[in-house]
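Residue numbers start from 1 in every chain, and the chains themselves are labelled A, B, ... in the order their sequence lines are given, proteins ahead of strands.
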Amino acid sequence: MLTLTMTRRFLPVCFAAVSAVCLTGADWLQFRGSDVSGVSLESNIPATWSENKNVAWKVELPGRGLSCPIVIGDRVVVTASSGFHQDRLHVLCFDRASGKALWHRQFLATGRTMTHPKMCVATPTPASDGERIYAFYSSNDLACLDLDGNLLWYRGLTYDFPNASNSLGMSSSPIVVGDTLIVQVENDAESFATGINVLSGVSRWKKDRPKRANWTSPTFAKNADGTSLALLQSSAGIEAVDPETGKTAWEYKDGAATIPSSVVSSDYVFIPSNGLTVLRTGDGNPSDILWNDNRLGPSTPSPVVVNGRVYVINRAGVLQAADMTTGNILWRLRLTGPFSATPVVAGKHLIAFNEKGDGQVVDISGEEGQLVGENNLGETILGTPAISGNEMFVRSDGHLWKIAAE
Amino acid sequence: MRWLIAASLMLFVAPPFAQAAQTDSIKAIKAVGHEGNGNVPALAAVAELQKSSTAADLPALLDAFAGASPLAANYLRNVVEAVADRETAAGHSLPADKLRAVIFDTKLDPRARRLAYEVLLKVDSNVSSEIIPQLLLDPSPEFRRDAVQQLIDRAETIDDKQQKLATFRKAMQGATDEDQVKELAKGIRSLGDDVSLVQHFGFLTDWEIIGPFNNRGLVGFAETYPPEKKIDLDATLEGQLGEVKWDEITTGDEFGVLDIAKTISPYKGAVMYLTTTFDSPATRDVQFRFGTPNAWKIWVNGQYLFGRDEYHRGMAIDQYTVPATLKQGQNVILVKLCQNEQTEDWAQRYQLQFRVSDASGVAVHSAASNRQAAALPQNSQKNLTAQTGGTR
């Protein structure tokens with residue numbers, strides 16, 4: 001059943017000072033890219049690669065990580081965590097063209113670092129607005145650095161709120177909306193979301209969230225007037241908030257998954273809820289459920305929407321394509337799982353890395369999906385890759401690779 | 001003439017302008033507080049320090065770690081890294097002798113000492129073999145871990161059984177990380193000797209326990225039951241299933257795990273209280289380090305320390321670290337342990353593993369309790385499990 005509550009007094013004018021996410025050419029600035037879609041239509045990534053083919057460079061990393069690389073102009077930034085207690089936090093910056101290490105900064109975690117063995121402290125993906133880097137960790141440490149690695153400010157959200165932690169680890173990746181960093185810190189003991197002023201590191205707002213473990217990441221939806229709402233997902237559903245004030249604009253209250261995250265495409269919101277539930281926001285506020293299909297529930301990877309279709313990978317490792325407006329399932333293709341990373345789309349290719357490190361490339365341009373490449377770099381890969389121009393960046397616990405046509 | 005004398009004195013007593021600016025910047029950084037307070041002045045201070053500092057300033061910047069909060073230490077760390085990188089890239093030499101002095105001065109902040117080592121390592125990769133062996137018992141867990149690993153690696157190359165055993169034993173003195181302790185225990189035992197991990201980690205194995213009290217619907221975590229008001233080991237209290245009394249519970253588990261579900265009853269929707277005494281020869285700061293998959297609250301000498309309302313998100317050695325101050329003499333530790341009503345197989349554990357350590361993780365032992373179990377051979381300890389009493 002759809003349960004929507006609207007804050008009628010909410011005025012779009014509240015967003016007047018909020019600009020859209022800063023899109024800098026082909027930058028890939030946060031989890032699932034600058035627009036949080038996981039799609040880069042202009043890109044052309046080779047369908048095959050190996051240690052000896054189409055690998056532009058490969059560099060060693062000093063620690064583990066499920067976080068995705070991000071691309072800011074000519075720089076690639078990645079986080080890692082190391083040490084027996086995973087309490088050594090790394091931010092590394094590489095030259096995009098050569099892979100040369102430009103700088104490496106380290107911090108000591110101020111929050112709890114225990115995680116499930118499969119996870120690690122460097123699980124959330126860093127975010128950037130093109131000028132600053134916001135490196136966030138499972139310990140709820142949040143470091144803001146300039147592009148040269150100079151610290152601008154540092155927050156310890158568990159240091160501030162000591163019960164905000166999860167013994168299994170936390171994975172929510174922050175996003176930048178306008179000049180506010182949206183951070184979700186949600187668990188069984190103390191849950192909150194906060195909107196942080198990117199310049200000062202001080203919270204503009206902080207609001208209580210459902211006390212339930214939650215590994216999903218926020219996304220954003222654009223209103224017709226160009227302003228944005230941050231969408232916060234949890235086991236309770238979706239809460240759309242003004243990124244600058246935290247004020248609730250609307251809520252979807254019929255529950256949602258706590259691992260795969262929602263995705264927005266134009267004015268459609270695809271929510272991993274009761275399978276997959278799609279809302280159409282129209283003027284910025286959802287009026288009704290557009291469609292719902294319990295066969296389209298994603299497993300760990302989040303859905304991807306491109307060219308009128310939504311793609312989900314289910315628990316059996318089957319990639320399903322459905323019409324984004326009707327939910328009609330168009331085709332299914334069995335891939336080799338299991339999957340932790342969310343697939344990304346580069347041009348006509350959907351690229352899905354399974355946990356064994358198999359990069360499976362599916363041509364999604366035709367009537368049926370066609371597997372056109374299966375590539376393995378010999379290491380476990382749990383993090384979502386980044387696409388920028390005709391280049392893909394993917395990391396393991398030990399390495400970062402740049403994949404591009406030779 | 002007076003002004004001349006005054007000016008001359010100023011030259012001797014007043015710090016140079018750059019030094020004063022550095023002092024002000026460090027002060028601003030160390031003033032960083034919770035929830036972003038002080039961030040903006042600290043931002044300017046970091047920029048100023050990075051701009052004005054040279055390689056010669058690194059020891060002073062490392063000195064500034066003294067008393068720095070975890071947040072401030074990260075700001076200072078960034079300054080040191082940035083300055084060291086810039087100076088090295090410019091071909092300027094680092095003050096190696098002074099950095100060495102920082103590393104070996106155990107009165108300085110362990111975070112700063114370790115950072116001094118890392119800076120030195122960047123320009124001289126051979127310092128590890130020179131420095132690390134001297135830091136087996138260091139206050140810095142990272143130094144100790146490196147020193148332990150060097151000894152483990154060396155032991156693997158030794159054929160002589162007694163020498164090998166002695167090397168393992170020596171390494172064990174500095175080991176506090178679970179993986180290294182387990183590896184060393186395995187090595188020691190493979191050579192026919194034994195080691196008590198209860199003793200090594202300082203697990204508290206002997207407790208008094210009472211319950212169950214009601215936690216149906218998760219009401220028990222917030223409820224104040226009588227043991228929270230007064231610990232009377234002779235009292236009979238009204239529990240969830242009738243009258244309950246304090247009873248002894250002792251674990252023989254090698255890692256000090258008290259297993260309520262197995263040794264007493266797999267209670268669901270329940271609250272149990274555990275108490276023990278810890279004899280400290282002096283007033284001192286310690287850390288209570290414990291693991292449990294259950295919700296918990298903890299007190300020492302009647303003072304509430306912390307609580308966490310989370311169930312079945314895993315359990316590990318040192319899962320939680322709670323700072324505490326012990327008074328001289330007998331200290332009473334009280335733990336409230338809550339079990340929920342989940343029915344899944346993975347949600348049935350009702351356990352506690354508890355130890356007392358210093359800030360670096362080295363065990364702190366009670367002068368008068370838990371000795372008996374710790375001193376017993378492993379086989380005898382295992383038998384104790386069957387003797388565990390419980391609360392009815």
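Both the backbone and the side chain of B/A316 come within contact range of chain A, judged by heavy atoms closer than 4.5 Å. When heavy atoms are compared at a cutoff of 4.5 Å, A/A143 does not approach chain B at all. Only the side chain of A/L145 comes within contact range of chain B, judged by heavy atoms closer than 4.5 Å. Heavy atoms closer than 4.5 Å to chain A are found in the backbone of B/Y311, but not in its side chain. Both the backbone and the side chain of A/R155 come within less than 4.5 Å of a heavy atom in chain B. For A/S165, the parts lying under 4.5 angstrom from a heavy atom of chain B are both the backbone and the side chain. Interface remark: B/E178 contributes backbone and side-chain atoms alike to the contact with chain A (heavy atom separation under 4.5 Å).
Most heavy-atom pairs under 4.5 Å with chain B, from the set A/T110, A/L151, A/L89, A/N187: that is A/L151. Counting heavy-atom pairs closer than 4.5 Å to chain A, the top-ranked of the candidates B/V79, B/N37, B/D179 is B/D179. Chain A forms the most heavy-atom pairs under 4.5 Å with one residue out of B/D309, B/L115, B/N74, and that residue is B/N74. Of the listed residues (A/N197, A/N150, A/D146), the one with the most heavy-atom contacts under 4.5 Å to chain B is A/N150. Counting heavy-atom pairs closer than 4.5 Å to chain A, the top-ranked of the candidates B/P293, B/G314, B/A82 is B/A82.
The local environment of NZ in B/K51 is sparse, with at most 12 non-hydrogen atoms from other residues, nucleotides or ligands closer than 6.0 Å. The number of heavy atoms from other shown groups lying within 6.0 Å of CD (B/E344) is above 12.
The minimum heavy-atom distance between A/S200 and B/V40, with the atom names listed, is CB-CG2, 3.9 Å. Across all non-hydrogen atoms, the minimal contact from A/M114 to B/R313 is CE-O, 4.4 Å. Nearest approach of A/Y154 to B/L71, heavy atoms of both residues: CD2-CD2, 3.7 Å. Contact record, B/Y75 with A/W153: OH-CA, 3.3 Å, taken as the closest heavy-atom pair.
The pair B/R86-A/D148 does not count as a salt bridge, with every side-chain nitrogen at least 4.0 angstrom from each carboxylate oxygen. Using a cutoff of 4.0 Å between basic side-chain nitrogens and carboxylate oxygens, A/K206 and B/E35 are not scored as salt-bridged.
Taking the side chain as every heavy atom from C-beta outward, A/H85 and B/R145 never approach each other to under 4.5 Å. A/Y159 has its side chain within reach of B/S69: a pair of non-hydrogen atoms, C-beta onward, lies under 4.5 Å apart. When side chains are defined from C-beta on, B/Q319 counts as touching A/R112, because their heavy atoms get closer than 4.5 Å.
Rounded to the nearest 0.5 Å, atoms CZ (A/F161) and NE2 (B/H34) are 9.5 Å apart. In this structure, the separation between CZ on B/R77 and CD on A/Q106 is 5.0 Å, given to the nearest 0.5 Å. Between B/R308 atom CZ and A/E190 atom CD the span is 9.0 Å, to the nearest 0.5 Å. Taken to the nearest 0.5 Å, the CZ atom of B/R114 stands 6.0 Å off from the CZ atom of A/R88.
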| task | Under the side chain to side chain contact (heavy atoms under 4.5 Å, CB included) rule, what do A/R105 and B/D85 come out as? Steps first, then yes or no, please. | result | CA-CA 10 Å; A/R105 296 286 177 262; B/D85 282 359; 2.9 Å; yes
| Chi angles and distances behind the side chain to side chain contact (heavy atoms under 4.5 Å, CB included) call for B/N78, A/F107 | CA-CA 8 Å; B/N78 187 263; A/F107 303 99; 4.0 Å; yes
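Just one residue in the list A/N163, A/D188, A/L168 forms a side-chain contact (heavy atoms from CB on, under 4.5 Å) with B/E310, and that residue is A/D188.
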